[in-house]
Amino acid sequence: MSLISLVAAGKDFGIRTLFSDLDLHVGPRERLGLIGPNGAGKSTLLRVLAGREPLDRGERRCSARLNVVLLDQEPELDPNRTVLEEVVAGGGERMALLREHGDVILALAQDPSHDTLLARLGSLNQRMDSCNAWGLEQHCREVLERLGIGAASELLDRRVGELSGGNRRRVALAAALVAEPDVLLLDEPTNHLDAEGVEWLQSWLDRFAGALVLVTHDRYLLDRVTRRIVAVERGEARPYEGNYATYLARRAEEEASETASAAKFRGSLRRELAWLRQGPKARSTKQKARLQRIEAMREAPSRQGRGQVNLASTARRIGKQAISAEALGVAVPHRELQPGDLGHAPRLLLRDFSYDFSPEDRVGIIGPNGVGKSSLLEVIAGRRQPSCGRLELGSTVKLAYFDQHSEVLLADRAQRKVIDVVQEAASRVDVDGVELSASQLLERFLFPPAQQHQPVAKLSGGERRRLHLCRLLIEAPNVLLLDEPTNDLDIQTLGVLEEFLDDFRGCVVVVSHDRWFLDRTVDRLFCFRDGQLERFEGNYSSYLERQQARAAPPAAGGDSSGTAAADANNGAVGSPGPGADTAAKTSRRRSFKENRELEAINRDLPLWEERRRSLEAKLAHPAGGDYDQLEALTRELALLAERIHTAEERWLDLSDRPA
């Protein structure tokens with residue numbers, strides 16, 4: 001049984017076909033993920049499923065009583081309601097019961113002995129007990145707090161129209177979850193959520209009893225929540241059974257098959273063209289048929305491979321110093337000033353931060369929303385002054401800042417052509433020794449020539465983000481500041497951006513809640529904790545494993561490592577699924593930094609081995625009875641053995657990747 005069905009559905013956007021002849025059925029307990037490039041039609045397909053967007057062809061079938069809730073990227077909220085009122089209003093059946101209960105109570109106040117009203121009140125009480133309608137307001141508060149809003153009580157009483165865009169999105173998501181509909185349609189629900197919020201959302205979706213259709217760039221969430229994938233691309237919507245990892249395996253097989261078919265087609269065409277160039281004099285029926293076949297082959301629209309953002313390093317040379325911070329402090333106004341608030345002192349977000357960013361640093365900055373991550377990037381970018389301390393950029397630094405609202409910077413260029421926006425920054429760029437025009441660079445960013453001459457206003461939100469990224473990179477920076485770069489970018493663009501950062505010869509500082517992106521791009525983390533930055537060596541999954549090990553109760557015998565390992569093996573949030581890490585490591589070539597790392601291991605490993613042999617010899621033939629020295633040598637040998645083991649594992653990992 002299907003809850004929503006699209007039959008022979010088609011939808012066009014101007015002269016472009018988003019999808020055609022689509023048959024899609026959403027059944028009970030469905031877990032469906034929609035993926036595809038920005039502008040391919042994923043959001044439009046969600047609106048069609050919700051009944052908010054009409055089809056150009058085909059039909060949509062569903063029950064009139066079906067409760068469908070859509071979280072749009074630009075949600076429509078009542079600006080005059082408070083935050084709590086807006087979420088409570090989305091309470092679905094429970095809210096309807098509360099309203100009906102209130103009406104019956106008012107009616108009974110006028111006629112307390114009315115038998116029909118008393119019977120109706122008894123029935124309502126039973127129904128409200130069964131669905132816990134009495135606790136709706138408390139439930140709304142709990143959901144808001146989990147999503148990063150409810151902790152600030154004054155925020156619950158603010159008008160929705162006064163909120164920032166990120167907070168409005170979180171309020172809309174809370175209202176959608178509280179509604180608990182039959183079909184829940186989510187368009188990029190993780191945007192503006194911190195890591196804890198994403199983890200909570202994932203667990204909530206696991207328990208959700210209705211059907212779910214999900215559009216998200218969060219690949220961990222997509223892999224662990226969905227059981228079916230529909231790829232929307234080039235006017236087609238192709239279904240794949242299984243989660244995101246299964247989809248990737250199937251797509252790899254399809255691309256290999258398509259490549260072989262394309263090679264076979266080119267071989268046939270070359271042979272036919274060679275025959276044609278011989279200029280046969282006779283024009284028999286058979287030869288004319290062959291000529292017609294050649295012409296048909298030449299004009300046949302070959303199935304293009306999937307568009308690929310082919311980025312290569314465009315960074316200019318950087319010196320020995322990138323960014324130097326000493327005793328840095330960051331403060332912001334305590335809150336938006338209201339009448340009578342003039343005495344409030346600025347709120348200190350960060351104090352006493354000292355660190356020298358190296359030219360090859362890959363640093364991630366993490367922490368809950370509102371702690372100061374974006375403010376720190378603004379200070380580094382020169383958009384905000386530090387409250388104290390010193391910040392210095394190297395003399396050769398060319399900095400590019402990709403902030404959360406990059407597409408807004410294009411608002412004043414909405415009527416300008418896409419290519420003109422890029423040419424404002426530079427008309428040509430050198431990419432790996434090859435000079436590219438702005439038009440050629442745009443093609444690598446999935447903007448075909450026809451789209452390059454369209455106005456910016458016709459681009460989707462994700463396409464505008466991609467355009468702004470293209471505009472930044474054509475300026476060839478050597479320091480990249482990325483603030484939530486994964487927001488509104490499609491998975492395909494993110495994958496190639498990650499490859500670009502592997503080869504980028506410069507400093508990268510990333511603020512992100514995207515666990516997959518952090519795992520792929522950083523090797524050092526700074527975590528906001530009580531107004532200071534706590535440093536951690538490793539990627540996000542390693543950081544999360546350490547946090548889980550800290551929180552887990554000690555196992556028998558005091559060994560807590562088994563608990564952490566078990567959590568990781570059981571698919572703990574933030575750690576790659578089985579085989580995902582291996583696939584990611586072997587599917588790409590070594591980056592510039594990884595080549596340097598391999599050289600260092602090859603240089604250091606023999607020295608460590610020699611030192612280990614020396615220590616073993618000293619322990620085998622101790623001189624005298626200095627037990628303190630023997631204990632020190634034993635500790636050094638144990639640490640050295642662990643270092644050698646780690647280096648050997650890393651050497652094997654790096655050696656498996658192509659250079």
Side-chain angles (χ1 to χ4, degrees), residues 11-19 36-44 47 53 56 73-74 165 188 217 232-235 301 304-316 398-432 434-477 480 482-494 496-497 500:
K11 184 70 180 176
D12 300 327
F13 185 74
I15 61 173
R16 183 158 57 100
T17 297
L18 296 180
F19 51 87
N38 292 130
K42 304 184 297 296
S43 297
T44 301
R47 288 195 292 272
E53 187 88 22
D56 295 327
Q73 289 200 38
E74 297 181 3
E188 295 293 357
H217 63 263
V232 183
E233 189 175 5
R234 298 194 305 268
Q304 297 178 352
R306 289 192 301 164
Q308 184 177 5
V309 188
N310 185 10
L311 301 179
S313 181
T314 63
R316 64 188 72 197
K398 171 65 176 177
L399 188 145
Y401 181 28
F402 188 59
D403 67 16
Q404 292 191 48
H405 309 290
S406 298
E407 72 279 4
V408 176
L409 302 178
L410 302 174
D412 60 338
R413 303 176 175 89
Q415 301 308 317
R416 300 202 61 184
K417 294 179 181 178
V418 170
I419 192 169
D420 292 339
V421 171
V422 175
Q423 285 179 332
E424 285 177 354
S427 60
R428 307 189 74 81
V429 63
D430 182 83
V431 178
D432 263 8
V434 178
E435 192 176 69
L436 298 179
S437 66
S439 177
Q440 290 170 320
L441 187 64
L442 278 167
E443 285 195 62
R444 295 194 175 197
F445 275 77
L446 300 182
F447 291 105
Q451 195 177 22
Q452 293 175 19
H453 295 277
Q454 289 182 352
V456 171
K458 288 194 174 183
L459 300 180
S460 68
E463 287 172 324
R464 293 189 188 190
R465 294 270 289 172
R466 185 166 8 114
L467 175 61
H468 188 71
L469 184 60
C470 176
R471 177 184 165 89
L472 286 178
L473 294 182
I474 202 173
E475 298 175 355
L480 283 176
L482 305 176
D483 193 359
E484 296 294 353
T486 64
N487 282 358
D488 297 321
L489 288 183
D490 57 78
I491 291 175
Q492 184 182 1
T493 304
L494 288 177
V496 184
L497 176 59
F500 167 76

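Computed from heavy atoms alone, side chains included, the values below leave out hydrogens, waters and symmetry copies.
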- Dump the intermediate steps for side-chain contact (heavy atoms from CB on, under 4.5 Å) on L442 and L467, then the final yes or no. CA-CA 8 Å; L442 278 167; L467 175 61; 3.9 Å; yes

- Which is it for L480 and L399 under the side-chain contact (heavy atoms from CB on, under 4.5 Å) test, yes or no, and what are the steps along the way? CA-CA 6 Å; L480 283 176; L399 188 145; over 6 Å; no

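At least one donor-acceptor pair closer than 3.5 Å links the side chain of D56 to the backbone N or O of D12. No side-chain donor-acceptor contact under 3.5 Å links R464 to the backbone of K458. R466 places no side-chain N or O within 3.5 Å of a backbone atom of L489 that could act as its donor or acceptor partner.
In this structure, E188 and H217 approach most closely via the heavy-atom pair OE1-ND1, 2.9 Å. Nearest approach of K398 to A476, heavy atoms of both residues: CG-O, 3.9 Å. Considering all non-hydrogen atoms of both residues, K42 and P37 come closest at NZ-O, 3.1 Å. Residues E53 and K11 come closest through the heavy atom pair OE2-NZ, 3.3 Å.
In terms of the side-chain hydrogen bond (donor to acceptor under 3.5 Å, both in side chains) criterion, residue partners of Q452 (sequence neighbours excluded) are, by chain and number, S439. With sequence neighbours left out, Q451 forms a side chain to side chain contact (heavy atoms under 4.5 Å, CB included) with F447, P448, Q454, L459, E463. By the side chain to side chain contact (heavy atoms under 4.5 Å, CB included) test, E74 pairs with no residue at all, sequence neighbours left out.
One distance of note links CG of L497 with CG of L469; it measures 6.0 Å at 0.5 Å rounding. The SG atom of C470 sits 10.0 Å away from atom CD1 of I419, with the distance rounded to the nearest 0.5 Å. The distance from the CG atom of N38 to the CG atom of D490 is 4.0 Å, given to the nearest 0.5 Å. How far OH of Y401 is from CG of L472: 11.5 Å, rounded to the nearest 0.5 Å.
The shortest distance between side-chain heavy atoms of R471 and V421 falls below 4.5 Å. Two residues are said to be in side-chain contact when any heavy atoms from C-beta on lie closer than 4.5 Å; D403 and L482 fail this criterion. Counting heavy atoms from C-beta outward, K417 and P455 have side chains that stay 4.5 Å or more apart.
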